[in-house]
There are 2 protein chains.
Amino acid sequence: MKRIDHLDRQILQILQDDGRTPYTEIAHQLKISEGTVRSRISRLLHDGVFEFVIRTDPVKLGLNVQTIIGLNTKLGLQQQVAEELSQLPEVRFVGAFSGKHDLIIQAFFYSNTELIHFVNERLSRIEGILGADVSLELRQYKDSFSYVREDEVAINEKG
Amino acid sequence: MKRIDHLDRQILQILQDDGRTPYTEIAHQLKISEGTVRSRISRLLHDGVFEFVIRTDPVKLGLNVQTIIGLNTKLGLQQQVAEELSQLPEVRFVGAFSGKHDLIIQAFFYSNTELIHFVNERLSRIEGILGADVSLELRQYKDSFSYVREDEVAINEKG
DNA sequence: CGTGTTTTTTACGAAATTCGAAGAAATCCT
DNA sequence: AGGATTTCTTCGAATTTCGTAAAAAACACG
């Protein structure tokens, strides 16, 4: 896989803002040709560096209850638990971690009732879960989504 | 703001898979005209229901160290701490929560060294932080991103 | 350094997509 | 039912994307 250079990062940064920016427009902004933008993008896509998606607002879709749940699992059952959790549509993130919790998941619900039902009926039925610490999101301050860090692009700006 | 109907959700679901799907293609799949797709999308964009973005792979960008950090803050300083944390480029998510931790953040680093530096130099300098539980991501099982839950679209499929 | 090789970038015409706007169809309200 | 409003379709024009071939740049190695 080819190294990602500064031009790639600049392209990614523009697309992070608006994933539908025309290649011609990106080319114009970066003062390169459309063909270059196109070949860079298809290489990056091919290498799995990024993909075009949309970012929906959960609240606007009615998902008002957002949670992060830390879980502890029985030794040896962690992976199985993680895979079962991954199946659930309410769960959007599942990761294994070092630290206080073996697994941390993020889940979204239409209501508190649905959340309680999730904890009492779904989680409790999964074998290997020893405990679950539910944290309810009260307010969101940042959710940036941009892994191309602005500081990184800026540093090379003068190079 | 107009209610989001089933057709909107179908459009969103297609775009979740590939944010650059042409409107003509969406129209074809859903057996409606391109104009309808276009007007729906511009309404949804206008209402802030979604936006076109790209999803980059942090690991491919060199961000190998992914963490979730639970923080406890001094009473009354929570908001200020949250806002300071939001400024940091390493931090991509900041939320206030009920539960064991007042704030939960997600942060990404190029190396363990950078992480240690972040905890020792950056976090420790922020006034109002009482404690930080760092969880290091060992493995990711799911990171779906799709808030239009498949089950929801399916249910209405017969309506 | 210089020359051959490979990679990247540019250029350009053809195909596809997007856009604006106007008319048709459907929905809503009373 | 009838008029008003919203949503949907249609269609030509403008723009973008795509394929490809040639130019330019970067690279490798004697």
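Labels below follow one simple rule: chain letters A, B, ... track the order of the sequence lines, proteins then strands, and each chain is numbered from 1.
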K.L.:
Write down the distance between CD1 (A:I26) and C1' (C:dT9), rounded to a whole number of angstrom.
P.N.:
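A:I26 atom CD1 is separated from C:dT9 atom C1' by 16 Å.
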
K.L.:
Contact between B:L136 and B:V65 at the side-chain level, heavy atoms closer than 4.5 Å - yes or no?
P.N.:
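Yes, side chains in contact.
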
K.L.:
Side-chain N or O of B:T36 versus OP1/OP2 of D:dT7: is the shortest distance under 4.0 Å?
P.N.:
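No, because none of the side-chain N or O atoms of B:T36 sits under 4.0 Å from OP1 or OP2 of D:dT7.
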
K.L.:
Hey, does the side chain of B:R38 come within less than 4.0 Å of C:dG20's phosphate (OP1/OP2), counting only N and O?
P.N.:
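For B:R38, the contact criterion (side-chain N or O under 4.0 Å from OP1 or OP2 of C:dG20) is not met.
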
K.L.:
Specify the residue among B:G35 and B:T24 whose closest nucleotide of DNA chain C lies further upstream toward the 5′ end.
P.N.:
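Nearest-nucleotide comparison on DNA chain C picks B:T24.
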
K.L.:
Which heavy atom of A:R43 sits nearest to which heavy atom of A:R3, and what is that distance?
P.N.:
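That closest heavy-atom pairing would be NH1-O, 4.2 Å.
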
K.L.:
OP1, OP2 of D:dT17 versus side-chain N and O of B:R20: anything below 4.0 Å?
P.N.:
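B:R20 to D:dT17 OP1/OP2: side-chain N or O found under 4.0 Å.
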
K.L.:
Go nucleotide by nucleotide along DNA chain D from the 5' end; which of B:S39 and A:E34 gets its closest nucleotide reached first?
P.N.:
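Upstream on the strand: B:S39.
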
K.L.:
State which of C:dT9, C:dT18, D:dC8 makes the closest approach to the side chain of B:L7.
P.N.:
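Per side-chain heavy atoms of B:L7, the pick is D:dC8.
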
K.L.:
More than 12 heavy atoms of other residues, nucleotides or ligands under 6.0 Å from NZ of A:K100: is that the case?
P.N.:
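Incorrect, the count does not exceed 12.
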
K.L.:
Nearest-Å distance, CD1 (B:I32) to P (C:dA26)?
P.N.:
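One finds 15 Å between P of C:dA26 and CD1 of B:I32, rounded.
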
K.L.:
Using atom NE2 of B:H28 as one end and atom P of D:dT10 as the other, report the distance to the nearest whole Å.
P.N.:
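Whole-Å distance recorded here is 15 Å.
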
K.L.:
Expressed as a whole number of angstroms, how long is the span from B:E25:CD to D:dT16:P?
P.N.:
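About 21 Å, once rounded to whole Å.
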
K.L.:
So that I know where these two stand, are B:F50 and B:F52 an aromatic pair - ring centroids less than 6.0 Å apart?
P.N.:
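So the answer is yes for these two rings.
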
K.L.:
Heavy atoms, side chains only, cut-off 4.5 Å: are A:L71 and A:I104 in contact?
P.N.:
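Of all side-chain heavy-atom pairs linking A:I104 with A:L71, none is under 4.5 Å.
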
K.L.:
Grab the NE2-P distance between A:H46 and C:dT8 for me, whole Å please.
P.N.:
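One finds 13 Å between P of C:dT8 and NE2 of A:H46, rounded.
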
K.L.:
In this structure, how many angstroms lie between the P atom of C:dA15 and the OH atom of A:Y23, rounded?
P.N.:
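The answer, rounded to whole Å, is 20 Å.
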
K.L.:
Taking atom P of C:dT7 as reference, at what distance in whole Å does atom CZ of A:R40 sit?
P.N.:
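Rounded to the whole Å, the gap is 14 Å.
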
K.L.:
Which whole-number value in Å describes the distance from B:K2 NZ to C:dT27 P?
P.N.:
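B:K2 atom NZ is separated from C:dT27 atom P by 12 Å.
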
